[in-house]
Amino acid sequence: QVQLVESGGGLVQAGGSLRLSCAASGRKFSSYAMGWFRQTPGKEREVAAVISWNGGRTYYADSVKGRFTISRDNAKNTVYLQMNNLKPEDTAAYYCAADTGWGSPDPSVYDYWGQGTQVTVSS
């Protein structure tokens, strides 16, 4: 069992940066692949980035590649999403999720979800 709490969202201007954090409870956090997903009203939830249990492998959606960086600190039970050069189209609720499997860009395979944190990028 794992509980996830996101933080770090807010309102920024285009071109700005934010760092999202996801604090996890649970002694087995380090065994989970972690993902960041985002959702805009009226659209399906979509992947932003995924990181393997040991941080050795990452995946980025084409829409964020080169701008976002996912990382994790297993000693702190925390996963991060550094978002640079933000664009208005990045506006969404961002969710972190934990996968007891291998990790996937498909949100349907994730087992645990945080409550989300809102990111709004103004033009």
Contact between [X] and [Y] at the side-chain level, heavy atoms closer than 4.5 Å - yes or no?
X	Y	answer
Tyr32	Thr100	yes
Leu4	Tyr95	no
Leu20	Met83	yes
Asp111	Asp99	yes
Thr91	Thr40	no
Tyr60	Ile51	no
Val50	Tyr110	yes
Ser21	Lys76	no

Original post:
In terms of hydrophobic clusters joined by side-chain contacts under 4.5 Å, are Val2 and Tyr94 together?
Top reply: yes

Original post:
Will you find, in the side chains of Ser104 and Asp106, an N or O donor that is under 3.5 Å from an N or O acceptor?
Top reply: no

Original post:
Step by step, would you call Val64 with Arg38 a side chain to side chain contact (heavy atoms under 4.5 Å, CB included)?
Top reply: CA-CA 11 Å; Val64 309; Arg38 61 189 188 179; 3.8 Å; yes

Original post:
Hey, what do you get for OG1 (Thr69) to CZ (Arg19), rounding to the nearest 0.5 Å?
Top reply: 11.5 Å

Original post:
Atom CD in Gln13, atom OG in Ser123: separation rounded to 0.5 Å?
Top reply: 9.5 Å

**OP:** Look at atom CD of Gln3 and say whether more than 12 heavy atoms of other residues, nucleotides or ligands are closer to it than 6.0 Å.
**Re:** no

Subject >> Phe37 six-ring face occupied by Arg45 cation (under 6.0 Å, within 45°) >> reply: no

